[in-house]
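Working notes, beginning with the structure itself.
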Amino acid sequence: MSVVIEQPRSPRNRNQANLEKYGWLYMRLSGALLVILIFGHLFTNLFAGEGIKAIDFAFVGGKWSDPFWKVWDLAMLWLALIHGTNGMRTIVNDYTSKENIRKALVWSLWGICAVLVTLGTLVVFTFDPCPAGALPELLPSFCPTA
Amino acid sequence: MPTMPAGTLYRGKVGMWSWVLHRITGVAIFFFLLVHVLDTALVRLSPEAYNAVISTYKTPLIGLAELGLVAAILFHALNGLRIILIDFWRKGVKYQNLMFWIVIAIALIAFIGFAPRHLSHVFG
């Protein structure tokens with residue numbers, strides 16, 4: 001294990017303690033926000049109206065034509081992926097015994113996190129609810145009919 | 001005759017099992033999240049691609065798996081609030097055992113409210 005058990009009463013290394021402290025704090029702050037964000041997400045997408053049945057391209061297009069849901073979904077994307085990746089990092093730290101394997105796994109986790117956060121953010125910002133050439137019956141009702 | 005240890009906040013009993021459940025549900029939600037970001041990203045490709053993949057979410061098998069996902073999210077979210085209370089509320093440690101059962105009760109009530117409605121959408 002990579003964990004070093006310090007001598008009792010040895011002075012605390014403040015620089016190292018701080019990063020883990022902010023990680024600990026982040027889990028609680030983002031967690032509290034995610035309860036609201038994800039319960040709201042589940043209510044509008046899975047409970048209200050026709051639930052899972054109603055979800056298609058037109059549903060997403062309708063939601064993302066409103067900046068409110070764009071901000072909501074972006075906040076969920078960033079907060080949840082970093083929360084989940086940091087949680088996985090904690091688990092990797094707990095259960096790996098070889099330092100190079102632990103490092104490789106933790107780097108992979110943050111790599112996947114960075115790719116998905118970037119991908120998701122680009123998708124939300126460049127999304128077009130009325131793409132040219134698409135079948136009109138698949139698009140939201142507000143799209144101009146050709 | 002040695003007696004059984006009473007257990008602490010983190011060893012044995014509710015403290016330990018809530019921690020185990022928190023980890024398992026957390027890992028499950030993490031892997032779903034990876035898939036969910038990718039499937040949602042398909043809206044950028046074409047309406048047909050997104051609708052094709054999202055239609056698999058409406059099949060009976062995945063529909064049932066969604067019940068499991070919602071159950072995992074309910075437990076992880078509410079138990080997370082319990083952890084915040086244990087860490088920041090003066091009486092959090094004193095009431096951690098009671099709070100665990102409150103978490104289970106609220107999660108169960110929310111699940112019972114959600115499950116029939118979701119099943120009627122999947123199978124109806």
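Ion pairing between B:R44 and A:D128 fails under the 4.0 Å rule for side-chain N and carboxylate O.
With rounding to the nearest 0.5 angstrom, the CG atom of B:D87 is 12.0 Å from the CE atom of A:M27. The CD1 atom of A:I52 lies 7.0 Å from the NZ atom of B:K58; values are rounded to the nearest 0.5 Å. Note that NZ of A:K53 and OG of B:S120 are 7.5 Å apart. Values are rounded to the nearest 0.5 Å. In this structure, CD1 in B:I84 is found 8.0 Å from CG in A:L29, a value given to the nearest 0.5 Å. Going from atom CG of B:L81 over to atom CZ of A:R28 covers 11.5 Å, rounded to the nearest 0.5 Å. Between the CZ atom in A:F59 and the OH atom in B:Y50 there is a gap of 8.0 Å [rounded to 0.5 Å].
The part of A:L119 that comes within reach of chain B is its side chain, from C-beta onward, which places non-hydrogen atoms under 4.5 angstrom from that chain. The part of B:F31 that comes within reach of chain A is its side chain, from C-beta onward, which places non-hydrogen atoms under 4.5 angstrom from that chain. Only the side chain of B:V70 comes within contact range of chain A, with heavy atoms under 4.5 Å apart. The contact between A:A134 and chain B is made entirely by side chain atoms (from C-beta outward), counting heavy-atom distances below 4.5 Å. Both the backbone and the side chain of A:I55 come within contact range of chain B, each with at least one heavy atom under 4.5 Å from a heavy atom of that chain. Proximity to chain B is absent for every atom of A:I36, based on heavy atoms less than 4.5 angstrom apart. At a 4.5 Å heavy-atom cutoff, B:L42 makes no contact with chain A through either its backbone or its side chain.
Stacking of B:R117 on the aromatic ring of A:F47 is recorded, both the 6.0 Å distance cut-off and the 45° axial limit being met.
Listed options A:I112, A:L42, A:D56, A:L34 were ranked by heavy-atom pairs under 4.5 angstrom with chain B; first place goes to A:D56. The candidate with the highest count of non-hydrogen atom pairs below 4.5 Å against chain B, out of A:T85, A:T126, A:V60, A:L138, is A:T126. Interface summary for chain B: among A:V124, A:L81, A:V117, A:L77, the most heavy-atom pairs under 4.5 angstrom belong to A:L81.
In the hydrophobic clustering of this structure, B:L78 groups with B:W89; members are Ile, Leu, Val, Met, Phe, Trp, Tyr whose side-chain heavy atoms approach within less than 4.5 Å, directly or through other members. Linking ILVMFWY side-chain heavy atoms closer than 4.5 Å, directly or via other members, places A:V115 and B:L34 in two distinct hydrophobic clusters. A:L135 and A:F127 are assigned to two separate hydrophobic clusters, defined by single-linkage of ILVMFWY side chains at heavy-atom distances under 4.5 Å. Residues A:W69 and A:L122 are members of separate hydrophobic clusters, defined by side-chain heavy-atom contacts under 4.5 angstrom among Ile, Leu, Val, Met, Phe, Trp and Tyr. Cluster membership check: A:F43 shares its hydrophobic cluster with A:W72, using side-chain heavy-atom separations under 4.5 Å among Ile, Leu, Val, Met, Phe, Trp and Tyr.
Shown here for B:T40 and A:V123, the closest heavy-atom pair between the two residues is O-CG1, 4.4 Å. Of all heavy-atom pairs spanning B:N51 and A:F57, the tightest one is OD1-N, 2.7 Å. A:L139 and B:P47 make their closest contact through CD2-CG, 3.9 Å (heavy atoms, listed as atom of the first residue, atom of the second, distance). Minimum heavy-atom separation, A:L46 to B:H121: O-ND1, 4.1 Å.
Under a cut-off of 6.0 angstrom, the local environment of CH2 in B:W17 is sparse, with at most 12 non-hydrogen atoms contributed by other residues, nucleotides or ligands. For A:F68, the CZ atom is densely surrounded, since the number of other residues' heavy atoms within 6.0 Å is greater than 12.
No side-chain heavy atom of A:L116 sits under 4.5 Å from any side-chain heavy atom of B:L33.
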